[in-house]
Structure formats: structure tokens, C-alpha cells
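These notes concern the structure reproduced below.
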Amino acid sequence: MSEITYVRGDATVPSVKGVKVIAHVCNDIGGWGKGFVLAVSRRWPEPEAAYRAWHRARASNDSGLGAVQLVQVEPYVWVANMVGQRGMVPHARLRSRGGTPIGSKGVPVRYEAIDAALGRLADRVIERGASVHMPRIGCGLAGGKWSRIEPLIAERLVKRGIEVTVYDHGEGPS
């Protein structure tokens with residue numbers, strides 16, 4: 001069984017050959033405008049437009065927690081909008097405990113939803129013969145802990161033979 005590969009760089013620019021899926025976590029309220037989604041939107045308009053349309057039509061689709069929406073952005077590149085966050089932490093209520101954003105209702109990350117979304121993503125990645133590329137999903141604005149998310153990725157993706165690369169943004173060698 002392979003391991004998760006960690007590199008320094010931009011997850012929206014994977015430098016491997018073949019079909020690639022760029023996975024990230026979205027909220028369940030239709031919000032798109034902070035965090036990693038800004039990098040996605042700078043490269044491609046389609047994931048945001050598809051996510052917003054998917055959310056608007058939520059009464060007649062599967063866009064709730066744990067759902068995955070794949071959006072093709074280039075011939076060999078897809079973006080996976082994974083719903084793994086309940087709402088957002090309002091900026092006025094942000095507090096920091098060890099770097100983790102919290103609000104009066106706690107962090108927005110939903111580990112069980114990320115787990116379900118990764119399970120759904122695995123089948124679709126295998127169908128495409130793709131590799132998966134992502135930032136440390138659920139650990140930015142969603143407030144999750146990588147120590148809880150990394151094992152979900154290992155179980156749902158790596159264990160099924162899917163190559164996963166996690167990108168830490170910033171300068172310097174990988």
C-alpha cells in the first residue's frame with residue numbers, strides 16, 4: 001500500500017501525468033469565497049458556478065453533507081467539490097485556540113461528512129484512473145485537525161490504491 005505524498009506547492013497545479021482530481025472541502029450553505037476555493041476560482045470559473053448551481057437546486061439533488069460534485073476543468077483535470085463543512089464561522093465570532101477557528105457552535109468541519117465524501121470520491125477517481133491532489137482539506141477555515149483527516153484519506157483513498165498528493169502552500173523545498 002502506498003502512502004500519502006506531501007509536497008510544497010499549489011494543489012491547483014499538480015505536476016504529474018495522467019488524469020488528476022483536485023479535491024477540496026466546501027460548506028453546505030452555498031458559500032464560496034474564502035480559503036482554497038479562491039485559488040480554484042483564479043484558475044477555473046466552472047467549479048464555483050457548478051457548486052452554486054448545485055446548491056441552489058439542493059431540494060432536488062444530493063448536495064448535502066458528504067456529497068461530492070466532480071467538475072471537469074481541463075481535458076485531464078477535474079475538481080471535486082466535497083461537502084464536508086456545516087455552515088461557516090462568522091468572522092465576528094472567530095476566536096483562535098491553537099490556530100483553530102471556532103465560533104459559539106464550534107468548528108464547521110464535519111469529519112463524518114468528509115469520510116463519506118472521500119468514499120464517494122474514491123469510486124469516481126478509480127473509474128477515471130486518476131490521482132488525487134488536495135490541500136490539507138478541512139483544516140483551514142473549517143477548523144479541522146489533520147490528525148483526524150489524514151487517517152480518513154488513508155482509509156478511503158490510499159487503501160484502494162489511489163495515489164494522493166497533499167500540498168502545503170508556501171516557499172521552499174518540498
Side-chain angles (χ1 to χ4, degrees), residues 4-16 19-55 63-74 76-91 94 96 98-103 107-111 113-118 120-122 124-125 130-150 152-154 156-157 162-172 174:
I4 297 170
T5 301
Y6 291 88
V7 299
R8 188 162 303 285
D10 182 350
T12 67
V13 191
S15 61
V16 298
V19 180
K20 297 163 275 293
V21 173
I22 299 167
H24 70 103
V25 168
C26 302
N27 61 59
D28 66 346
I29 59 169
W32 182 291
K34 290 185 178 183
F36 182 72
V37 298
L38 295 177
V40 171
S41 290
R42 276 192 293 273
R43 289 191 52 82
W44 310 285
E46 299 92 345
E48 178 180 359
Y51 168 76
R52 290 187 184 277
W54 189 40
H55 183 266
S63 71
L65 286 169
V68 177
Q69 178 190 50
L70 251 61
V71 181
Q72 190 166 15
V73 293
E74 293 178 14
Y76 298 101
V77 181
W78 299 76
V79 171
N81 295 329
M82 301 188 305
V83 184
Q85 176 181 328
R86 165 86 65 204
M88 297 184 293
V89 176
H91 182 68
L94 270 180
S96 182
T100 301
I102 61 165
V107 296
V109 69
R110 293 297 179 266
Y111 297 110
I114 291 174
D115 186 43
L118 288 168
R120 289 182 177 100
L121 178 64
R124 302 183 66 193
V125 166
S131 57
V132 174
H133 305 266
M134 64 178 69
R136 291 186 187 236
I137 59 170
C139 294
L141 297 171
K145 294 183 185 306
W146 188 245
S147 61
R148 298 239 351 239
I149 293 172
E150 184 184 43
L152 303 177
I153 295 166
R156 297 295 183 182
L157 302 178
I162 298 168
E163 291 183 31
V164 177
T165 304
V166 173
Y167 295 74
D168 288 313
H169 203 268
E171 301 296 319
S174 54

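For clarity, every value in this text was computed on a predicted model and none was experimentally measured.
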- Task: Mind running side chain to side chain contact (heavy atoms under 4.5 Å, CB included) on Q85 and V109 for me, showing each step along the way?
- Result: CA-CA 4 Å; Q85 176 181 328; V109 69; 5.9 Å; no
Residues two or more places apart in sequence or in another chain: which of them pass side chain to side chain donor-acceptor pair (under 3.5 Å) with [X]?
{"X": "R120", "value": "none"}
{"X": "N81", "value": "H24, Q69"}
{"X": "W78", "value": "none"}
{"X": "T165", "value": "none"}

With sequence neighbours excluded, residues passing salt bridge (Lys or Arg N to Asp or Glu O under 4.0 Å) with [X]:
{"X": "R148", "answer": "none"}
{"X": "R52", "answer": "E48"}
{"X": "E46", "answer": "none"}

Rounded to the nearest 0.5 Å, what's the gap from [atom1] on [X] to [atom2] on [Y]? Could you check?
{"X": "I153", "Y": "W146", "atom1": "CD1", "atom2": "CH2", "answer": "3.5 Å"}
{"X": "I114", "Y": "I137", "atom1": "CD1", "atom2": "CD1", "answer": "5.5 Å"}
{"X": "E74", "Y": "W44", "atom1": "CD", "atom2": "CH2", "answer": "5.5 Å"}

Exercise for the section: May I ask you to decide if G30's main-chain N or O and Y51's side chain share a donor-acceptor pair within less than 3.5 Å? Expected result: yes
Heavy-atom donor-acceptor pair, R110 side chain to L65 backbone, under 3.5 Å | no
Regarding R8 and D168, does a basic nitrogen lie under 4.0 Å from an acidic carboxylate oxygen?
no
What residues form a side chain to side chain contact (heavy atoms under 4.5 Å, CB included) with [X], not counting sequence neighbours?
{"X": "A130", "value": "V19, V21, V125, R128"}
{"X": "L38", "value": "R42"}
{"X": "A117", "value": "V68, M82"}
{"X": "S131", "value": "V16, K20, H133, E163"}

Measuring only between side-chain heavy atoms, which start at C-beta, is [X] closer than 4.5 Å to [Y]?
{"X": "P108", "Y": "N27", "value": "no"}
{"X": "R43", "Y": "I22", "value": "no"}
{"X": "Y167", "Y": "D10", "value": "no"}
{"X": "T12", "Y": "F36", "value": "yes"}
{"X": "E150", "Y": "I4", "value": "yes"}

Could you tell me which non-hydrogen atom of [X] sits nearest to which non-hydrogen atom of [Y], and how far apart they are?
{"X": "A142", "Y": "V107", "result": "O-CB, 3.5 Å"}
{"X": "G87", "Y": "D28", "result": "N-OD1, 2.7 Å"}
{"X": "V132", "Y": "A23", "result": "CG1-CB, 4.1 Å"}
{"X": "C26", "Y": "W32", "result": "SG-CZ3, 4.1 Å"}
{"X": "A11", "Y": "P135", "result": "CB-N, 3.9 Å"}

ask   = Could you walk me through whether V83 and W54 pass the side chain to side chain contact (heavy atoms under 4.5 Å, CB included) check?
value = CA-CA 11 Å; V83 184; W54 189 40; 3.7 Å; yes
- prompt: Is there a side chain to side chain contact (heavy atoms under 4.5 Å, CB included) between R136 and Y6 once you walk through the steps?
  reply: CA-CA 10 Å; R136 291 186 187 236; Y6 291 88; 3.7 Å; yes
